[in-house]
2 protein chains.
Amino acid sequence: MAGTIREFRIGELSKRTGVNIETIRYYEKIGVMPNPPRTPAGYRGYREIHLNRLRFIRRCRQLGFSMNEIHALLTLVDANRYSCSEVQALTLRHAEMVSNKIRDLKQLENGLRGIASQCTGEQVPDCPIIDTLLEPGK
Amino acid sequence: MAGTIREFRIGELSKRTGVNIETIRYYEKIGVMPNPPRTPAGYRGYREIHLNRLRFIRRCRQLGFSMNEIHALLTLVDANRYSCSEVQALTLRHAEMVSNKIRDLKQLENGLRGIASQCTGEQVPDCPIIDTLLEPGK
DNA sequence: ATAAAGCCTGTAGCTACTACAGGGTCAAGT
DNA sequence: ACTTGACCCTGTAGTAGCTACAGGCTTTAT
């Protein structure tokens with residue numbers, strides 16, 4: 001019983017991870033997922049190890065890591081010579097980028113609400129938003 | 001003197017707006033910038049009107065509007081039958097999207113800092129971040 | 001006269017996928 | 001045995017919003 005390793009197809013991998021089939025094949029092409037063994041008919045045969053790896057990737061994506069960053073993480077993991085501090089550094093660097101983006105978006109939102117608040121909201125063809133956007137000056 | 005309309009080339013338009021040359025031609029191709037008149041040699045000839053329009057577009061982009069949204073705004077402006085309330089609605093709709101994005105990114109940042117805080121930061125090859133990412137469960 | 005700077009078109013590349021087209025394979029039902 | 005439908009395969013093209021050439025013409029300055 002122990003030792004019985006069940007293989008499954010890409011469709012099952014897709015359903016169990018929530019990553020869609022084309023995306024899995026794409027991950028294989030760009031090298032973040034390994035080339036799995038094939039059946040005689042050419043079907044990909046996956047195992048638990050692939051499931052874990054794909055979940056790892058999916059979680060990283062949900063955390064907003066780029067494929068490059070994920071690649072870096074996986075390289076560390078694959079080499080089995082990653083150190084906690086390296087991974088932490090990568091993570092915090094990414095968190096910095098995220099908080100910068102938040103800051104930018106907040107400014108942007110303020111800008112938008114600011115110009116929108118100047119509108120009367122009436123049905124007149126003369127709008128402070130448009131006027132603002134058309135103003136000269138770089 | 002008044003009435004002397006100076007034409008200028010794409011390079012000058014680019015410098016005065018901060019939008020680069022290829023992007024200007026791209027905007028022309030997708031129809032947000034008009035086809036300008038050409039010199040006999042085929043050079044594009046721009047005037048103040050183009051400058052204003054391009055600045056409008058650039059500002060919209062800085063405010064995070066998609067090209068589709070900009071297209072919609074410009075169509076309203078071009079038809080000269082826009083109403084302030086339409087423009088305001090479009091702007092507020094966009095502001096909503098921005099604040100949603102901010103909310104998502106904040107969650108994301110919390111997630112990242114949360115897992116990073118579990119690290120010792122030491123040079124050991126065993127990392128709670130990696131462990132977390134490798135955990136089973138969809 | 002020539003060299004440099006500027007312009008032209010058109011195509012390919014970037015991210016991270018998604019959506020086909022056109023085909024092969026497999027298991028179940030008749 | 002045969003057919004149907006679900007599944008899988010490869011490869012290409014599309015998405016957004018640009019950017020970066022390649023290869024060639026024009027204009028300007030020396």
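Naming: A, B, ... by sequence-line order, numbering from 1 per chain. Every value quoted in this text rests on a predicted model; they were computed, and no experiment measured them.
Within the nucleic acid shown, I10(B) comes within 4.0 Å of sugar-phosphate atoms alone, with no base atom in reach, counting heavy atoms only.
Once rounded to the nearest 0.5 Å, the distance linking CE of M67(B) with NE2 of H71(B) reads 8.5 Å.
Between P37(B) and E7(B) the shortest side-chain heavy-atom distance falls below 4.5 Å. Side-chain contact between H50(A) and R47(A): present, with at least one pair of heavy atoms (C-beta onward) separated by less than 4.5 Å. Contact annotation: the side chain of L51(B) approaches that of E48(B) to within less than 4.5 Å [non-hydrogen atoms, C-beta and beyond]. Looking only at side-chain heavy atoms (C-beta outward), V87(A) and C119(B) stay at 4.5 Å or farther from each other.
Residue R44(A) has no polar side-chain atom (N or O) positioned under 4.0 Å from OP1 or OP2 of dC7(D). Residue Y27(B) places none of its side-chain N or O atoms closer than 4.0 Å to OP1 or OP2 of dG17(D). The shortest distance between the side-chain N/O atoms of S66(B) and the OP1/OP2 oxygens of dA16(D) is not below 4.0 Å.
For the pair I30(B) CD1 and dC18(D) P, the computed distance is 8 Å after rounding to whole Å. Going from atom CZ of F8(B) over to atom P of dG6(C) covers 16 Å, rounded to whole Å. The nearest whole Å value for the distance from the CD1 atom in I21(B) to the P atom in dT19(D) is 12 Å. Distance, R58(A) CZ to dA16(C) C1': 16 Å, rounded to whole Å. Rounded to a whole Å, the CG atom of L13(B) is 15 Å from the C1' atom of dG6(C). One atom, OH of Y26(B), and another, C1' of dT15(D), lie 10 Å apart when rounded to the nearest Å. Rounded to a whole Å, the CZ atom of R61(A) is 14 Å from the C1' atom of dT18(C). Counting to the nearest Å, the C1' atom of dA16(C) and the CD1 atom of I57(A) are 13 Å from each other.
Along DNA chain D, the nucleotide nearest to K29(A) and the one nearest to T23(B) differ in position, and the one closer to the 5' end is contacted by K29(A).
Checking dG17(D), dC9(D), dT9(C) against every side-chain atom of R38(B), the shortest atom distance belongs to dT9(C).
Here the options are L73(B), T91(B), L74(B), the test is side chain to side chain contact (heavy atoms under 4.5 Å, CB included), and the partner is C60(B); only L73(B) passes.
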| request: If a protein heavy atom is under 4.0 Å from the base, mark B; if only from the sugar-phosphate, S; if neither, -; do that for nucleotides 20-30 of chain D going 5' to 3'. | output: BB----BS---
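Geometrically, R16(B) engages F8(B) in a cation-pi contact, judged by NZ or CZ lying under 6.0 Å from the ring centre and within 45° of the ring axis.
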